[in-house]
K.L.:
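Let me give you the structure first, and then I'll get to my questions.
Just so it is clear: chains get the letters A, B, ... in the order the sequence lines come, proteins before strands, and each one is counted from 1.
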Amino acid sequence: MSAEVSALYQEMILDHYRRPRNKGTLENADASVEMKNPLCGDEIGLQVTFDGDAVRDLRFSGRGCSISLASASMMTQLVKGKGRDEIDAIRSQFRDLMLGVASGADESRLGALRALSGVARFPARVKCALLAWNALESALNGHTP
Amino acid sequence: MKLRTDFPLLANYPGLHYLDSAATSQKPQVVLDALRDFYETANANPHRGAYSLSVRATECYHQARVRIAQFLGVRDSDCLIFTRGTTEGLNLVAESWGFANVSSGDEIVVTALDHHANFVPWQVLAMRKGAKFRICELTPDGKIDLDFLSAMLNKRTKVVAFNHVSNAIGTINPVAEIGRLVREKTDAILVCDGAQSAPHFPVSFDSLGVDFYAFSGHKMLGPMGIGGLIGKREMLEEIPPYQTGGDMIEFVHDDRTTWNVLPHKFEAGTPNAANAVGLAAAVDYLDGIGMDRVIAHERSLMSIAQKQLAAIDGIQIYGPPAAERSGVISFTMSDVHPHDLATILDGEGVCIRAGHHCAQPLMRRLDVPATARASFYVYNDESDIDALVAGIIKAREIFAYVET
């Protein structure tokens, strides 16, 4: 197997794919977003409750590949409880990581998401990794604290 | 067949297993040579110059049309309009024929098996005209349900559009039977998407019994950006042009314009002469093999692939039995999403398509977001299937990892 493929399918990714965290729906969500990847037909639903400008809780639903579902699962763990500015910074840093742009910023705050760094070598899969994040951005943009 | 060495791209990548010919085919050396030869010895704007080089370009373009028409069984070669491909051919019919002939309350029929290119133009036409857009459903094994079709046809049906072969699951549709049903019950035109039939088995438009047939050159060993629409002369003469501009006019008056004769009426602007010449070289190459041998070769690979894939746990194959399909095998694998499978196979040098195959209405009916699709052509052999199967097993190993 090629080194790139082994680097892509790390145990952490497969674990989130098998046992997604925060999968489901929220009652009384403040924001509810549906997003599709028109290239492959994968879809994600994201529901968020807010506390001021911070994400109090969130759940995702939908079907997709291991990269899109693992990214969604990791995202929900990472952003829960965080404020808008911090989420925006993480999102932008994660996007840079996916696009292979060296940001120079400390990657430790990306936490488990660093396991997705191998995606940058597969341009056809970057959209999979960003689908949940685009849904989150849309949910945040629709929310005025 | 041992044709791999005829294809420079495959020779450049000895470890590559190209199983995505339903998306686009590789090109043999003779096609690349024909393109280069046109540009080196005949390039000028056809139909324009009085000088001999332009005359030569015009002749090359004309001969290409005659050759391709002969390949597709069209006696009247002026009824073969060059287009960018199948998509443009189908849009031409929907726009030119549809605009002139469909009105509010009429019905347009497509099938759940159609590619978006033979679905969306009709959907849009129906919306613009206030016509009813109707979808013929499929049998459980992915064929056009002829009883359903028969029941939905009536005197208001103006168009029945369908594909000769499904790009997504490989179903070969019974054109003659569909034609008989439609002629019996309606005055509708029959529009056939031939993108997946022209490359793979003998097609004779004159005996096919449809009114329009569209195809793509790049799926049949020819260059990208060239294809054609074949239509019956009386219809092509009757309907308005698709695009207007140079070459397609007869006289341009200050207040009105008259149209050139067929095929020029539908070919506005400088023609794609070099690619037409390249496509003519491709059909020469295919005829050199023999189209009966092409389909026989694909069928034999198909039956091997079907057997091997069906033996792998958790694989589901879509569409009719292998013997009733063209060289397309569409499948899913439990727990491994088609995109993940395609990425892992890519790591092994195996190119397959993963996605909805521009057939979202079909994917909804199969109740999957996507499938993995391997498709065969003249340059494939058993080693490609071996690599495919080995890659699938590898994918299963990777994804089984966390279960332990």
K.L.:
Can you establish whether the number of heavy atoms outside A:Gln77 located under 6.0 Å from its atom CD is more than 12?
P.N.:
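Yes - once you tally the heavy atoms of other residues, nucleotides and ligands closer than 6.0 Å, there are more than 12.
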K.L.:
Using 0.5 Å steps for rounding, measure from the NE2 atom of B:His339 to the CG atom of A:Asn37.
P.N.:
7.0 Å
K.L.:
Are A:Val5 and B:Glu348 side-chain neighbours, meaning at least one heavy-atom pair lies under 4.5 Å?
P.N.:
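In short, these two side chains do not touch, never coming nearer than 4.5 Å.
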K.L.:
Highest number of heavy-atom pairs under 4.5 Å with chain A: which of B:Pro369, B:Ala354, B:Pro338?
P.N.:
B:Pro369
K.L.:
So for A:Leu69, is it side chain, backbone, both, or neither that comes closer than 4.5 Å to the heavy atoms of chain B?
P.N.:
neither
K.L.:
Counting only heavy atoms not in A:Lys36 (residues, nucleotides, ligands), do more than 12 fall under 6.0 Å from its NZ?
P.N.:
no
K.L.:
With a 6.0 Å cut-off (strictly less than), is the heavy-atom count around CG of B:Asp313, excluding the residue itself, greater than 12?
P.N.:
no
K.L.:
If you count the non-hydrogen atoms of other residues, nucleotides and ligands that lie under 6.0 Å from NZ in A:Lys80, is the total more than 12?
P.N.:
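Enclosed: over 12 neighbouring heavy atoms sit under 6.0 Å from NZ of A:Lys80.
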K.L.:
Check for a donor-acceptor pair, side chain of B:Asp340 on one end and backbone N or O of A:Cys65 on the other, with a separation under 3.5 Å.
P.N.:
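No; zero donor-acceptor contacts below 3.5 Å.
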K.L.:
Sort A:Arg19 into side chain, backbone, both or neither according to what part of it lies under 4.5 angstrom from a heavy atom of chain B.
P.N.:
neither
K.L.:
Kindly indicate whether the side chain of B:Asp335, heavy atoms from C-beta on, has any atom under 4.5 Å from the side chain of A:Arg18.
P.N.:
yes
K.L.:
Atom CZ of B:Phe399 and atom OH of A:Tyr17: how far apart are they, to the nearest 0.5 Å?
P.N.:
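Answer rounded to 0.5 Å: 6.0 Å.
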K.L.:
Measure from the side-chain N and O atoms of A:Arg125 to the backbone N and O of B:Thr343, and report whether any donor-acceptor pair falls under 3.5 Å.
P.N.:
no
K.L.:
Are the side chains of B:His337 and A:Ile67 in contact, using a 4.5 Å heavy-atom criterion?
P.N.:
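No, too far: nothing below the 4.5 Å cut-off.
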K.L.:
In terms of heavy-atom contacts, does CZ of B:Arg134 have more than 12 from other residues, nucleotides or ligands at under 6.0 Å?
P.N.:
yes
K.L.:
Could you tell me whether A:Arg114 atom CZ has more than 12 heavy atoms of other residues or ligands within 6.0 Å of it?
P.N.:
yes
K.L.:
Other residues, nucleotides and ligands only: do more than 12 of their heavy atoms fall within 6.0 Å of NZ on A:Lys23?
P.N.:
yes
